[in-house]
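Some notes on the structure that comes next.
In the text below, chain A, chain B and the rest are named by the order of the sequence lines, each starting its count at 1. Every heavy atom of this structure was used, including side-chain atoms; hydrogens, water molecules and symmetry mates were not.
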Number of protein chains: 4
Amino acid sequence: MRTTKIGKKAGRPRSAEKDEAILAAALELLATQGYVRMTLDQVASAAGVSKSTIHLRFKTKADLLTAALAAARMVDAPPPSGDVRTDLVAVLEDFAATVERVNGMALIGTCLAEEDHTPDLLALLRERTVLPRRALLREVLEQAREAGQVRPDADLEPAVSALLGPFYADYMAGRGGRPEWAEQAVDLVLAALAPQASDRGGRPRS
Amino acid sequence: MRTTKIGKKAGRPRSAEKDEAILAAALELLATQGYVRMTLDQVASAAGVSKSTIHLRFKTKADLLTAALAAARMVDAPPPSGDVRTDLVAVLEDFAATVERVNGMALIGTCLAEEDHTPDLLALLRERTVLPRRALLREVLEQAREAGQVRPDADLEPAVSALLGPFYADYMAGRGGRPEWAEQAVDLVLAALAPQASDRGGRPRS
Amino acid sequence: MRTTKIGKKAGRPRSAEKDEAILAAALELLATQGYVRMTLDQVASAAGVSKSTIHLRFKTKADLLTAALAAARMVDAPPPSGDVRTDLVAVLEDFAATVERVNGMALIGTCLAEEDHTPDLLALLRERTVLPRRALLREVLEQAREAGQVRPDADLEPAVSALLGPFYADYMAGRGGRPEWAEQAVDLVLAALAPQASDRGGRPRS
Amino acid sequence: MRTTKIGKKAGRPRSAEKDEAILAAALELLATQGYVRMTLDQVASAAGVSKSTIHLRFKTKADLLTAALAAARMVDAPPPSGDVRTDLVAVLEDFAATVERVNGMALIGTCLAEEDHTPDLLALLRERTVLPRRALLREVLEQAREAGQVRPDADLEPAVSALLGPFYADYMAGRGGRPEWAEQAVDLVLAALAPQASDRGGRPRS
DNA sequence: CATGAATGAGTCTTCATTCAT
DNA sequence: AATGAATGAAGACTCATTCAT
């Protein structure tokens, strides 16, 4: 029978170290093996605990992995500079560095591949990493717009996608890992958003 | 003495319908289930053949899936228009339509997730779909450059990535499926590449 | 901190009954079915455990079977008599009885048949049953030699082979199961080894 | 519909070369792989025919293997000498040579192991190889008895088993392949059967 | 006749999950 | 709480055999 006395748990408290070890091992293995290929045995031995200890905390494999993804802190604090270009490049390079550090493309691939079966994975990834990073970029662009460095009528969301997008596109093309990509993307977007806009091809959208 | 009449193989010929059914089922299931989750039983019953019939053609699961991916024709012929913007948008929209049609993001996710275990998948995807599409886009841009609609010194590869990238970035952000994305991406890139370049932020790369 | 109380392993202990049941079932089936024909399903259901329980103890089918063979105690303690002939006959009859009890000829056949693929089987059979039994026989003969009942220069190894060999030869000839075989073999060997040796047909070997 | 015109078979006659190739390949593989492990595919490719061609001749795997064993001629004509010892040694050495040549111990093992499932195998082996060889040995011993080189009351069957048996016993003991075994066995048996038998340990059999 | 295709039954092994200590 | 045992449900791959050409 379960102890229901709340506020003061009876018995030995769950080890916080094991908590962390499990989540860290799970995230790492999720990236390197993918959802289905990763086994709880692998997680258990990587975390130095028994399989049952995992099940004690997470009822199911999917639970564990969503928790692992939720616990991941993958968007570092933005860099506090002043220049628009510098700031954008910094965010993008931090993005690339983070992805590389955690074998992120495989992780992203797993979340995409599992979208039908475990939609929480992609949702979490979005909420925890994608959207915060986009917010960072948009903020910089908004400040630039207020500073007159960006056209007042510029649509910022497509610009953000044009900043981040080349990373994915390059990876898919086998052009990943090129250090210049961030600067090139920023330059391209800033060129497109430059204020003196007179009458380029950019017709108003239908 | 062996039959020497060449060109007419002995025995029952292999059913071409089954060939097709197997590859089609495999591709479909690869996209909807992912590499590991998809089972040969599923493929067999989806294709209406026995499991052994699959093994007769493909020694291993990996073989089957690479063959299925290789057989997929996913880059349609380019649209024969004249206008730069129209052509670029057409390629991008065909891209998006194809991805949607074959549950492409899940497929891409699978290939990414499996990169460590079955690198052939991503390699094939690249060779068969990504690179051809990039070539299409680059060709259009080159013609535009010759026609004076694009700066002569423009670096085209980053531009291509800026055209395709937003598709991925949008999807990751949960903004996928918006019909305007292609036009927005094209307009942004064309704006950046416009010829009268006088003095934008684009400092020369280190 | 890990539990350091040694000698008392954590978790549920492995059932010794299941251990025994598995090994017994495996040995039995190895004899009745042969190596390849015997399936883990058969072992599992004969032992009243799940297949996974077997795999928990033995990583592979070969492991299981070598363990089963190794665990088999098939050479009973020698009979403590005094008379040479009686002792030899006793060892041989115990041999025959053991072989019959465990369907031994089929087991021996399996080990021989598998020699190329799983040499451990025959090696174990040799080490655990053949050689100990030979040692028993040789010991009796050595004592007989010391007691003057056997020629001093007699070569004992061939004599041992002549004692055991008829069992195999009879079986191959379809003459297995005859109860007199042991006494006949012993008599023949003792006759050949009798001491008054003057100069019979036994010419010295080249 | 099957052609039933007997005496004059219609259609192309079955290739005798293929017949032989199939049987030879089957026997070889039966020895090297064992009954269950050997596959019809292996036989087919070793014989250079298709699997169906095998089934055309032999309805089932067991049929093929019994036929292969039946076709094997493994007892060479007896050596035409005069001396008892020489003749016995010759038969035994031919026996050992044949066994070695056809990987015979594995073949014997297979027949023993399969005795419960395919008794025909051991029966054939017996009829075609064991019993003929025993007949050869007995014949030599009978002539020796008539020539007075062997006790008149000697029981010959046990003697034959004592001649052949050491081969099996040695093999089981890991002493196989020793060239002296045949002479040692013959010497031992002849010593036991020598005529001047007055009063050795060999008490009359019960 | 001869061949290659097609298949259904079966095998070892893996794994998420539940139990007992 | 933590651990190791136990298990049922798959899954990829094999093989003897039957079909179609």
statement: Assign each of B:M38 and B:P13 the nucleotide of DNA chain F bearing its closest heavy atom; nearer the 5' end lies the nucleotide of B:M38
task: For D:A62 and for B:G11, locate the closest nucleotide of DNA chain F by heavy-atom distance; then report the residue assigned to the nucleotide nearer the 5' terminus.
output: D:A62
message: What verdict does the side-chain contact (heavy atoms from CB on, under 4.5 Å) test give for D:F58 and D:V43, after you've listed the backbone C-alpha separation in whole Å, the side-chain angles of each residue and the deciding distance to 0.1 Å?
response: CA-CA 12 Å; D:F58 307 98; D:V43 177; over 6 Å; no
Nearest-angstrom distance from the residue atom [atom1] of [X] to [atom2] of [N]:
X	N	atom1	atom2	value
C:I54	E:dT11	CD1	P	13 Å
D:D63	F:dA16	CG	C1'	13 Å
D:K59	F:dT18	NZ	C1'	9 Å
A:L56	E:dT21	CG	C1'	15 Å
D:E17	E:dC1	CD	P	16 Å
B:R37	F:dA10	CZ	P	13 Å
A:D41	E:dT13	CG	P	17 Å
C:R12	F:dT7	CZ	P	8 Å

query: With sugar-phosphate meaning primed atoms plus P, OP1 and OP2, does D:R57 contact a base, only sugar-phosphate, or nothing at under 4.0 Å between heavy atoms?
result: sugar-phosphate
- prompt: Is A:T39 touching bases, backbone alone, or none of the nucleic acid, heavy atoms closer than 4.0 Å?
  reply: sugar-phosphate
message: Between C:Y35 and B:S50, which residue's closest nucleotide on DNA chain E lies nearer the 5′ terminus?
response: B:S50
- line: Assign each of A:K51 and C:K61 the nucleotide of DNA chain E bearing its closest heavy atom; nearer the 5' end lies the nucleotide of C:K61
task: Would you mind telling me which of F:dA2, F:dT18, E:dA5 lies closest to the side-chain atoms of D:H55?
output: F:dT18
message: What's the closest nucleotide to the side chain of B:T53 if the choices are E:dT13, E:dT21, E:dT7?
response: E:dT7
task: Test side-chain contact (heavy atoms from CB on, under 4.5 Å) on B:C111 and B:L69 and set out the steps.
output: CA-CA 10 Å; B:C111 294; B:L69 211 45; 3.9 Å; yes
query: Across all strands shown, which nucleotide pairs with F:dA9 by Watson-Crick or G-U wobble geometry, both distances under 3.5 Å?
result: E:dT14
Watson-Crick or G-U wobble partner of E:dT21, both distances under 3.5 Å: F:dA2
message: With side-chain contact (heavy atoms from CB on, under 4.5 Å) as the criterion, how do B:L40 and B:H55 come out once you've worked through the C-alpha distance, each side chain's angles and the decisive distance to 0.1 Å?
response: CA-CA 9 Å; B:L40 292 187; B:H55 277 286; 3.2 Å; yes
field: From CA spacing to verdict: side-chain contact (heavy atoms from CB on, under 4.5 Å), D:L27, D:V102
entry: CA-CA 9 Å; D:L27 188 64; D:V102 300; 5.6 Å; no
message: Side-chain N or O of A:S52 versus OP1/OP2 of F:dG4: is the shortest distance under 4.0 Å?
response: no
task: Give a yes/no on whether any side-chain N or O of D:T60 is located under 4.0 angstrom from OP1 or OP2 of F:dT17.
output: yes
field: N-O pairing of B:K51 and B:D41 below 4.0 Å
entry: yes
